[in-house]
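Everything on this sheet refers to the single structure shown next.
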Amino acid sequence: MAEQAARPCCLGWDFSTQQVKVVAVDAELNVFYEDSVNFDKDLLEFGTQGGVHVHEDGLTVTSPVLMWVQALDIILERMKASGFDFSQVLALSGAGQQHGSVYWKAGASHVLTSLSPDLLLHKQLQACFSIRDSPVWMDSSTTVQCRRLEAAVGGAQALSCLTGSRAYERFTGNQIAKIYQQNPEAYAHTERISLVSSFAASLFLGSYAPIDYSDGSGMNLLQIQDKVWSQVCLRACAPHLEEKLGSPVPSCSVVGAISSYFVQRYGFPPGCKVVAFTGDNPASLAGMKLEEGDIAVSLGTSDTLFLWLQEPMAALEGHIFCNPVDAQHYMALLCFKNGSLMREKIRDESASCSWSDFSEALQSTEMGNGGNLGFYFDVMEITPEITGRHRFSAENRQVSAFPGAVEIRALIEGQFMAKRIHAEGLGYRVMPKTKILATGGASHNRDILQVLADVFGAPVYVTDTANSACVGSAYRAFHGLAAGTDVPFSEMVKLAPNPRLAATPSPGASQVYEALLPRYAKLEQRILSQTPGPPE
Ligand SMILES: O=C(CO)[C@@H](O)[C@H](O)CF
């Protein structure tokens with residue numbers, strides 16, 4: 001085989017719910033290598049579905065931590081067999097599914113620091129975890145712990161002000177509290193608790209890696225303004241917790257050099273830097289090159305908004321995290337459960353199951369839909385907690401139906417007005433330089449994107465985010481190489497591919513929606529006051 005030219009690069013890892021993925025990115029920020037291991041397909045012996053085990057109670061959801069370790073072994077062995085030149089890796093970083101937690105058994109640190117390069121990782125770490133089935137973000141078994149935590153700090157709003165979110169079942173502090181209460185012996189034998197992100201970093205570091213500010217913001221334990229653990233939250237969850245967590249670090253931190261295990265077994269250079277790993281969503285924000293004032297809208301099964309915030313406003317909905325690429329700023333996540341499944345239902349009912357008919361309906365109706373407004377929540381919505389379909393005429397009179405084309409526009413305008421209103425409720429403001437990045441299935445429909453541009457009064461770009469968490473991690477690794485030089489992340493990623501412009505606001509759009517948005521907000525409050533909340 002011809003000698004491969006040297007290609008200095010950084011690696012970006014993603015330890016996500018369903019797979020472990022890696023990309024190699026060169027100095028021009030081109031992805032030239034990628035691979036992934038799917039837990040369900042490639043590690044059948046663990047018997048997961050979608051990478052997890054849903055327990056009999058239907059609420060507890062876990063993933064085997066050794067499955068994650070073994071997946072890493074497989075990818076590294078594949079890279080080695082493919083002739084990947086590890087000696088060119090200058091730095092690496094990564095992402096992990098947020099909120100999941102890993103429990104290292106007393107003595108595990110000695111194993112981590114003395115790994116034999118002759119053996120695979122999972123062979124050597126078999127006895128290193130006091131909890132072998134890690135709780136993950138799909139778990140919803142800790143409602144009792146959530147209420148106790150909120151009570152300890154003075155309520156849901158107080159907890160949101162302190163940690164960026166009210167108590168959520170999947171958030172790590174509540175998961176740790178449950179383990180302490182239900183498995184005190186395992187908790188007592190735990191010398192370190194990692195997030196999935198810092199657990200993955202620990203494997204590369206050969207010692208316990210710290211939790212970064214951004215992923216640490218998803219625990220209901222970190223004071224996001226001061227970026228220190230909240231003592232009242234720690235005490236409310238479990239004893240001696242701070243010593244098990246270690247001190248959090250800025251997300252751009254270089255946490256050390258790669259472990260000798262990887263140097264000797266795979267040929268990484270001894271100076272290869274490990275940059276703090278973070279959560280998958282913060283890493284995706286980095287991968288999408290989101291900047292101040294930008295908003296990313298992921299139009300999938302559920303719709304997710306990524307916001308860049310300078311001054312967050314604590315709320316009882318959504319999540320505010322420390323920003324992964326700018327330590328002075330923040331990011332927020334807002335989830336809207338009635339996403340593409342709702343759009344497909346209305347397409348089937350009002351556009352004969354045809355996206356082209358759906359688009360024609362949007363083209364044939366005016367911005368503002370003649371004052372008709374609709375709320376479409378066939379499943380209990382998260383933001384806000386409303387269910388059912390609610391339609392209003394221009395005179396705010398509730399009506400039972402709209403003509404087909406009006407129904408379609410009412411759905412799409414309503415979904416996007418809700419996004420803008422709730423984003424602004426977290427402190428987001430559309431700025432003159434605002435870009436909207438659209439991703440996910442519906443971002444392929446230009447007429448839907450036109451409504452998005454009109455409602456926000458900002459241009460809409462499309463970008464492929466399939467690898468955004470991995471690619472964002474590789475970008476963060478490059479940024480870590482410049483640590484101490486004050487080079488901003490945005491400068492570091494200038495060369496990276498830019499999103500494509502897909503729609504700009506129609507003339508007169510801002511006048512139309514500046515008038516409609518307050519009406520939509522008032523009607524949403526009216527529905528909230530009339531309809532029962534979610535079942536307890
Ligand atoms: O719970 C979430 C964010 O709060 C999910 O997006 C997980 O990060 C997915 F891994």
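Just so we're clear, the structure is a prediction, and the values are computed from it rather than from any experiment. Just follow the structure's listing: the first ligand is 1, and inside any ligand the first atom is 1. Just the heavy atoms: all of them, side chains too, but no hydrogens, waters or symmetry mates, feed the values below.
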Give yes or no for whether the N/O distance cutoff of 3.5 Å, strictly under, is met between T17 and ligand 1. no
re atom 1 (O) of ligand 1, the protein heavy-atom contact at minimum distance is R170 NE, 2.8 Å
Is NZ or CZ of R170 both nearer than 6.0 Å to the six-membered ring centre of Y168 and within 45° of the ring axis?
yes
Check: of Q97, H99, H319, M138, min heavy-atom distance to atom 4 (O) of ligand 1 comes from H99
Does Y187 have K244 sitting over its ring (NZ/CZ under 6.0 Å from centre, angle to axis within 45°)? yes
For atom 10 (F) of ligand 1, the closest protein heavy atom turns out to be D280 OD2, 2.9 Å
| Counting only N and O atoms by type, is there a donor-acceptor contact under 3.5 Å from the side chain of Q19 to the main-chain atoms of S36? | no
**Prompt:** Do NZ/NE/NH1/NH2 and the carboxylate oxygens of D35 and R78 come within less than 4.0 Å?
**Reply:** yes
Nearest non-hydrogen contact to atom 6 (O) of ligand 1 from the set N281, D215, T304, V196 belongs to N281
(Q) Taking the cut-offs as 6.0 angstrom to the six-membered ring centre and 45 degrees off its axis, would you call K419 and F336 a cation-pi pair? (A) yes
